[in-house]
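Structure record follows, encoded as structure tokens.
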Amino acid sequence: MQTELHPDYLATPDGTRAGQILRNCVHCGFCLATCPTYQLLGDELDSPRGRIYLIKQVLEGQAPGPATQQHLDRCLTCRNCESTCPSGVEYSELLDIGRRLVERQVPRPPVRQALRWLLKEGLPSPAFTTAVRLAAALRPVLPRALRDKLGPPHGAAAGQPWPDRPHARKVLLLAGCVQPGLQPNINPATARVLDAAGVQTLVAPGAGCCGAIRAHLADLRGGLADMRRNIDAWLPYVDGTGGMPRVEAILMNASGCGATVKEYAKYLARDPGYAQKAQRISALTRDAAEFVADLAPALAPRLAQSAGTLAVHVPCTLQHGQKLPGTLESLLARLGFKVQIAADEHHLCCGSAGTYSVLEAALATRLRDRKLEHLERLDAPVIVSANIGCIQHLQSGSGRPVRHWIELVDQALGTSA
């Protein structure tokens, strides 16, 4: 796609990179068929091709307005279009650039701006878990919408133990920012499953939010600060320095975090102090399904004879972001589960998309309900996924339990308390 960059963008890193991405787009339109918002709204400006055109206009000097901002905001960043694109257009990176450029030029209504600030500062905060516990205590008097976001009561699962046996093989786990508060059993379950296969799970105390929340809300500076903090916390374990044990991998049991950390090298490519460090971190990062797949031969004989039937929802961040389609389904089948998928809907987004389900609630709800309509037709008592956001979002509308897949593996192994 031929693009004439406005002089304001010619010598900037964002302008240069956006120009490179735009030149790869041939406007073929293959992306329209796999874009959830285009399928719902039927407006080409709510498709990847239309949004690319809007970003091109901004880069060529046309002033954006609220309508431009709305069309870019409506994108889920599910990256299904990237899986479909025959030209390899790195759409998600272009979208982040476009959103930042428009954010600087189009003021938002104060209430909307305050909500975005609350999300990007509140969700990654260490105080988030405390806030969730307070909200849980007030659950009976909370509005229905807020109760839905909290998910079901945690019950006894929150108190289940973290294994303390040492093993020669060790991995780092990113505990996450919202996951410990909303679903406190996922991380201990991960550690127990790995322990059963002879792998010890460690957590670096200084690590926090992966950076995705701020980066995708047009706060690149804040997102990069989160990434640098994590790199500094992890490198002693990667190198085995400072008295820390050496780890063989950095594990992500939230696929959204995994998609981001695997791209630290891209985010920090222009940072002379962190570019090489980020490359090392990205190279060592594995999604939990990706890592446990190598442990399946050791785990499978230990699972109960009947591991059960699962309706599997594969997050966009696993199949499109991390480019690992089929990994989770194959793993669960190898471990003895009967795996069911909603074939017609399998590749499409559930509507969670990080903060999207809060900021674009109406569209997110429509996508969730369509996804659940397909999943609940399956003959499975439980729905499993691989990302905290998808789990909470689907559970808010589902009559069936929605859980992280590793909790079901933990349960079948009998390692939980």
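FYI, the numbering just counts along the sequence from 1.
A distance-only check finds no donor-acceptor pair linking the side chain of H216 to the backbone of T77 [under 3.5 Å]. Checked by atom type and distance alone, the side chain of S282 pairs as donor or acceptor with a backbone atom of A278 at under 3.5 Å. Side-chain atoms of N187 come within 3.5 Å of backbone N or O of A175 as a donor-acceptor pair. For the pair Y264 (side chain) and C210 (backbone), a donor-acceptor distance under 3.5 Å is present. Remark: side-chain polar atoms of R51 are paired, donor with acceptor, to backbone N or O of H71 under 3.5 angstrom. Looking at S87, its side chain never comes within 3.5 Å of a backbone N or O of V89 through a donor-acceptor pair. Under the 3.5 Å distance criterion, the side-chain polar atoms of R79 are left unmatched by any main-chain donor or acceptor of S92. Between the side chain of E90 and the main chain of I21, no donor-acceptor pair closer than 3.5 Å is present. Formation of a donor-acceptor pair under 3.5 Å by the N80 side chain with backbone atoms of T34 is found in this model. Side-chain N or O atoms of H167 include none that pairs as donor or acceptor with a backbone N or O of R169 at under 3.5 Å.
Partners of R400 according to the salt bridge (Lys or Arg N to Asp or Glu O under 4.0 Å) rule, which considers only residues two or more places apart in sequence or in another chain, do not exist here.
With salt bridges taken as basic N to acidic carboxylate O contacts below 4.0 Å, one links R108 and D73. A salt bridge does not link D96 with R17: every distance from a Lys NZ or Arg NE/NH1/NH2 to an Asp or Glu carboxylate oxygen is 4.0 Å or more. Between K120 and E103 there is no salt bridge, since no side-chain N of the basic residue sits under 4.0 Å from a carboxylate O of the acidic one. Remark: R100 does not engage D219 in a salt bridge, criterion side-chain N to carboxylate O under 4.0 Å. Salt bridge absent: R377 and E345 never bring a charged side-chain N and a carboxylate O closer than 4.0 Å.
Side-chain contact between H393 and K371 is absent, with no heavy-atom pair separated by less than 4.5 Å. Side chains of C28 and P86 form a contact here, defined as non-hydrogen atoms less than 4.5 Å apart. Between L40 and D46 the shortest side-chain heavy-atom distance does not fall below 4.5 Å. Between I55 and I97, the closest side-chain pair of non-hydrogen atoms is not below 4.5 Å. Inter-residue side-chain proximity for L119 and L359 is flagged as met; some heavy-atom pair is nearer than 4.5 Å. In this structure, the side chains of Y9 and D14 stay at 4.5 Å or more apart for every pair of heavy atoms. Counting only heavy atoms from C-beta outward, the side chains of T68 and Q62 never approach each other to under 4.5 Å. Looking only at side-chain heavy atoms (C-beta outward), S385 and I391 come within less than 4.5 Å of each other.
Note that the CG atom of L76 and the SG atom of C350 stand 8.5 Å from one another [nearest 0.5 Å]. Note: T190 OG1 to W405 CH2 = 7.0 Å, rounded to the nearest 0.5 Å. Rounding to the nearest 0.5 Å places CD of Q200 at 11.5 Å from CD of E248. Note that CG of L363 is 4.0 Å distant from OH of Y356, once rounded to the nearest 0.5 Å. One distance of note links CZ of R74 with CG of L45; it measures 10.0 Å at 0.5 Å rounding. From I383, atom CD1 reaches atom NE2 of H313 across 9.5 Å, with rounding to the nearest 0.5 Å.
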- request: Determine, stepwise, if the pair T355 / L217 fulfils side-chain contact (heavy atoms from CB on, under 4.5 Å).
  value: CA-CA 9 Å; T355 58; L217 286 173; 3.7 Å; yes
field: Verdict with supporting geometry, L174 and W234, side-chain contact (heavy atoms from CB on, under 4.5 Å)
entry: CA-CA 10 Å; L174 175 63; W234 289 334; 3.7 Å; yes
task: Please lay out, stage by stage, how R366 and E373 fare under the test salt bridge (charged side-chain N to carboxylate O under 4.0 Å, His left out).
output: CA-CA 11 Å; R366 290 173 65 185; E373 181 183 353; over 6 Å; no
message: side-chain contact (heavy atoms from CB on, under 4.5 Å) for L202 and M244? Distances and angles first, verdict last.
response: CA-CA 10 Å; L202 307 174; M244 300 302 178; over 6 Å; no
Derivation of the side-chain contact (heavy atoms from CB on, under 4.5 Å) call for D271 and R228: CA-CA 10 Å; D271 186 327; R228 294 186 189 102; 2.8 Å; yes
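Between A18 and L59, the shortest heavy-atom contact is CB-CD1, 3.5 Å. Residues T285 and K262 come closest through the heavy atom pair O-CE, 3.5 Å. The two residues N230 and G208 come nearest to each other via the heavy atoms OD1-N, 2.8 Å. The minimum heavy-atom distance between A204 and Y237, with the atom names listed, is CB-CE1, 3.7 Å. Across every non-hydrogen atom of V203 and L173, the tightest pair is CG2-O, 3.7 Å. Between A191 and T201, the shortest heavy-atom contact is CA-OG1, 3.5 Å.
Within 6.0 Å of CD in Q276 there are 12 or fewer heavy atoms belonging to other residues, nucleotides or ligands. Within a 6.0 Å sphere centred on CZ of F128, other residues, nucleotides and ligands contribute more than 12 heavy atoms. Atom CH2 of W162 has more than 12 neighbouring heavy atoms from other residues, nucleotides or ligands inside a 6.0 Å radius. For R104, the CZ atom sits in a packed shell: over 12 heavy atoms of surrounding residues, nucleotides or ligands are nearer than 6.0 Å.
Pairs engaging residues 23-44 under the salt bridge (Lys or Arg N to Asp or Glu O under 4.0 Å) rule: E44-R49 [sequence neighbours left out]. The salt bridge (Lys or Arg N to Asp or Glu O under 4.0 Å) pairs that include a residue from residues 198-214 are E121-R214, R214-D226, where partners are two or more places apart or lie in different chains.
There is no side-chain donor-acceptor pair under 3.5 Å between T317 and N387. Of the N and O atoms on the side chains of Q183 and Q392, at least one donor lies less than 3.5 Å from an acceptor on the other residue. Inspection of the S255 and Q322 side chains reveals no N or O donor paired with an N or O acceptor under 3.5 Å. Using modelled atom types, one finds a donor on one side chain and an acceptor on the other under 3.5 Å when comparing D232 with Y274.
The only option from V314, L328, V402, L332 that meets the side chain to side chain contact (heavy atoms under 4.5 Å, CB included) definition with V384 turns out to be L332.
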